[in-house]
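As structure tokens, the structure follows; a few thoughts come after it.
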Amino acid sequence: MKLKLNYGRTILIGFAFMSICIFWQFYDNEIPRILKYTFGLGEGITGFIMALDNVFALFLLPLFGTLSDRTNTKIGKRMPFILIGTVASTILFQILINFANVPGRIAIFIIILLLLLVSMGIYRSPAVAMMPDLTPPPLRSRANAIINLMGTVGAVYTLAMISLLLKDADDQSQTNYTPLALAISIAMVVCVVVLFITIHENSIRDKVTKEVTAAGLSMDDADDEASKKAASADEESAGSAAMPAAVKRSLIFLLISVLLWFTAYNAVTTAFSRYVEEVWGLKNGAYANCLMIATIAAVISYLPIGWISSKIGRKKTILMGVALMSICYLAGAFAAGYSNAIVFMFVVIGFGWASINVNSYPMVVQMSSASDIGKYTGYYYTFSMAAQVFTPIASGILLEQVSYRTLFPYAFVFSTLAFVTMLMVRHGDSERQA
């Protein structure tokens with residue numbers, strides 16, 4: 001029996017990730033502008049506040065990922081966390097924008113922001129872990145392409161709403177965020193309602209497990225022969241270890257790579273809204289057009305990249321994406337202003353980032369067991385968030401103390417280092433079916 005991906009079901013699962021990305025596109029781009037223009041904070045302090053989310057995430061994402069692994073309810077393992085997290089997040093988001101976003105209320109703003117980030121942390125790992133839970137292991141890269149496609153559609157939605165609804169006042173501290181915040185909250189709620197109505201987690205998990213078993217595989221199955229040989233060798237030499245030493249080495253190098261490419265990419269996405277104003281002279285949310293180019297390119301790329309990775313392997317596809325993004329960061333360092341070359345650069349960045357996103361998370365969960373997917377999902381996000389603890393502060397200090405033009409060279413250095421560490425990864429690669 002050959003396993004086939006259920007595209008309709010995967011799209012519906014993707015609504016969970018879409019909800020997350022709708023909010024996070026706003027957070028990455030507009031919260032730094034609020035901190036700067038409403039409260040008058042400098043780049044260093046802004047970077048520190050933005051990094052608090054990632055400090056929380058270092059603990060919250062593995063915690064709630066592991067808790068969801070151990071949860072068993074009538075509506076599933078992950079769904080309770082998704083529902084609770086979404087309700088809390090949308091309520092706190094409205095309070096943040098409509099009550100706390102006022103000059104002189106910086107303490108209240110930060111407290112509400114931190115509570116909002118905790119509520120998002122409740123359901124980020126469970127929402128992402130639902131995909132590998134309900135997808136046969138050999139098909140997870142292609143499923144992750146669809147999940148990321150859904151997330152990118154959510155990001156494009158937010159960027160479009162920024163362009164349509166957000167108009168800076170002459171005094172940018174008076175910018176009206178209420179229509180934009182309402183559009184974001186409604187979209188988040190709609191996504192999760194669709195998910196809850198259409199995805200019956202327990203019954204789908206049982207069905208997928210039966211399909212995988214009938215195909216001669218298991219939900220813990222490692223796709224590549226190297227993993228199986230390493231596991232066999234390690235078990236002979238060290239008994240029944242939880243994870244073979246060779247696989248653990250690959251996991252460590254992969255997680256380091258995750259940290260490095262997120263250090264590069266998030267430096268750009270976090271600071272770009274100010275970079276275009278300070279260096280290129282663009283105003284009134286024009287940065288959203290640049291980012292939208294990259295996200296639309298990613299939308300177009302996700303499904304072809306899922307197919308490419310099934311042909312040449314996950315690792316080679318990731319290396320291709322990292323190399324392309326490094327070249328674009330280097331080119332961005334020499335860009336004097338917005339031009340057609342910048343448009344092309346962001347198209348390539350979107351393609352490269354899609355190449356990474358489609359394959360890196362499936363490689364991590366491929367090295368885990370079915371009962372630990374939530375925990376390893378948390379590890380994946382721990383390393384991505386660790387990058388975001390470091391990079392807003394480090395890049396923010398460089399922007400403020402040296403020059404805004406340090407942004408793209410900074411990203412180039414860390415992206416190149418990610419290429420080197422990714423070369424050391426040996427497992428979690430193939431999508432071959434029995």
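Not measured: the values here are computed from a predicted model.
Salt-bridge check for Glu278 with Lys36: passed, with a basic side-chain N closer than 4.0 Å to an acidic carboxylate O.
Here the CG-CD1 distance, from Asn148 to Ile305, works out to 9.5 Å after rounding to the nearest 0.5 Å. The distance from atom OG of Ser257 to atom NZ of Lys315, rounded to the nearest 0.5 Å, is 9.5 Å. With rounding to the nearest 0.5 Å, the separation of CD1 in Ile106 from CD1 in Ile34 is 10.0 Å. Distance check: Leu96 CG to Arg105 CZ gives 12.0 Å after rounding to the nearest 0.5 Å. To the nearest 0.5 angstrom, Phe109 atom CZ is 8.5 Å from Ile49 atom CD1. Once rounded to the nearest 0.5 Å, the distance linking OG1 of Thr382 with CG of Leu255 reads 9.0 Å.
Within the 4.5 Å cutoff, the side chain of Ser203 has heavy atoms near those of the His200 side chain. Between Ile75 and Pro80, some side-chain heavy-atom pair lies under the 4.5 Å cut-off. Side-chain contact check for Tyr177 versus Ile184: every heavy-atom pair is 4.5 Å or farther apart. The shortest distance between side-chain heavy atoms of Ile108 and Phe99 falls below 4.5 Å. By the 4.5 Å heavy-atom criterion applied to side chains, Ile146 and Leu5 are counted as neighbours. Counting only heavy atoms from C-beta outward, the side chains of Trp261 and Ile318 approach each other to under 4.5 Å. Between Met345 and Phe408 there is a side-chain heavy-atom pair separated by less than 4.5 Å. Counting heavy atoms from C-beta on, the side chains of Phe15 and Val192 never come closer than 4.5 Å.
Within 6.0 Å of the OH atom in Tyr379, the count of heavy atoms belonging to other residues, nucleotides or ligands does not exceed 12. Around atom CG of Asn72, no more than 12 heavy atoms belonging to other residues, nucleotides or ligands sit under 6.0 Å away. Within a 6.0 Å radius of OH in Tyr404, more than 12 heavy atoms belonging to other residues, nucleotides or ligands are found.
Judged by distance alone, with hydrogens and angles left aside, the side-chain atoms of Tyr275 form no donor-acceptor pair with the main-chain N or O of Leu399 at under 3.5 Å. With hydrogens and angles disregarded, no donor-acceptor distance shorter than 3.5 Å links the side chain of Arg405 to the backbone of Val402. For the pair Ser185 (side chain) and Leu182 (backbone), a donor-acceptor distance under 3.5 Å is absent. With Asn101 contributing its side chain and Thr38 its backbone, the two residues share no donor-acceptor pair below 3.5 Å. At distances below 3.5 Å, at least one donor-acceptor pair connects side-chain atoms of Asn6 with backbone N or O atoms of Arg9. Remark: side-chain polar atoms of Ser355 are not paired, donor with acceptor, to backbone N or O of Gly321 under 3.5 angstrom. Judged purely by atom type and a 3.5 angstrom limit, Asn144 uses its side chain to pair as donor or acceptor with the backbone of Val358. Between the side chain of Thr86 and the backbone N or O of Leu83, no donor-acceptor pair lies under 3.5 Å. Using a distance-only test at 3.5 Å, with no hydrogens or angles considered, no donor-acceptor pair links the side chain of Ser141 to the main chain of Asn359. Without hydrogens or angle criteria, Ser415 side chain to Phe412 main chain gives no donor-acceptor distance under 3.5 Å.
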Decide yes or no on side-chain contact (heavy atoms from CB on, under 4.5 Å) for Leu149 and Phe17, but give the supporting numbers first. CA-CA 10 Å; Leu149 175 62; Phe17 191 54; over 6 Å; no
Would Ile256 and Met424 satisfy side-chain contact (heavy atoms from CB on, under 4.5 Å), going step by step from the backbone distance to the final call? CA-CA 10 Å; Ile256 291 172; Met424 308 302 293; over 6 Å; no
For Leu166 and Glu30: C-alpha separation, side-chain torsions, deciding distance, then whether side-chain contact (heavy atoms from CB on, under 4.5 Å) applies. CA-CA 10 Å; Leu166 187 62; Glu30 290 302 326; 3.5 Å; yes
Determine, stepwise, if the pair Leu117 / Tyr27 fulfils side-chain contact (heavy atoms from CB on, under 4.5 Å). CA-CA 10 Å; Leu117 296 175; Tyr27 176 83; 3.7 Å; yes
Yes or no on ring-ring contact (aromatic ring centres under 6.0 Å, His included) for Phe262 and Tyr265, after CA distance, side-chain angles and deciding distance? CA-CA 5 Å; Phe262 269 97; Tyr265 184 74; 7.3 Å; no
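What you find for Val268 and Ala411 is that their closest heavy atoms are CG2-CB, 3.8 Å. Pairing each heavy atom of Ala264 with each of Tyr329, the nearest pair is CB-CE1, 4.0 Å. Shown here for Met367 and Val425, the closest heavy-atom pair between the two residues is CE-CG1, 4.5 Å. Taking each heavy atom of Asp69 and Lys375 in turn, the nearest pair found is OD2-N, 2.8 Å. Scanning both residues, Val212 and Pro136, for their nearest heavy atoms gives CG2-CB, 3.6 Å. The two atoms that bring Ser309 and Thr317 nearest to each other are CA-OG1, 3.4 Å, heavy atoms only.
Taking the six-membered ring where tryptophan is involved, the planes of Phe390 and Phe414 are perpendicular, since the angle between them exceeds 60° and thus also 30°.
No side-chain donor from either of Thr263 and Thr391 sits under 3.5 Å from a side-chain acceptor of the other. Using modelled atom types and a 3.5 Å distance limit, the side chains of Tyr361 and Thr377 yield a donor-acceptor pair. Tyr380 and Ser360 share a side-chain donor-acceptor pair at under 3.5 Å.
Pairs of residues two or more places apart, or lying in two chains, that qualify as side chain to side chain donor-acceptor pair (under 3.5 Å) and include a residue from residues 110-136 are Ser19-Tyr123, Arg78-Asp133, Ser89-Ser119, Asp133-Arg205.
Under the side-chain contact (heavy atoms from CB on, under 4.5 Å) rule, Met130 has a single partner from Leu195, Ile373, Ile147, Ile204, which is Leu195.
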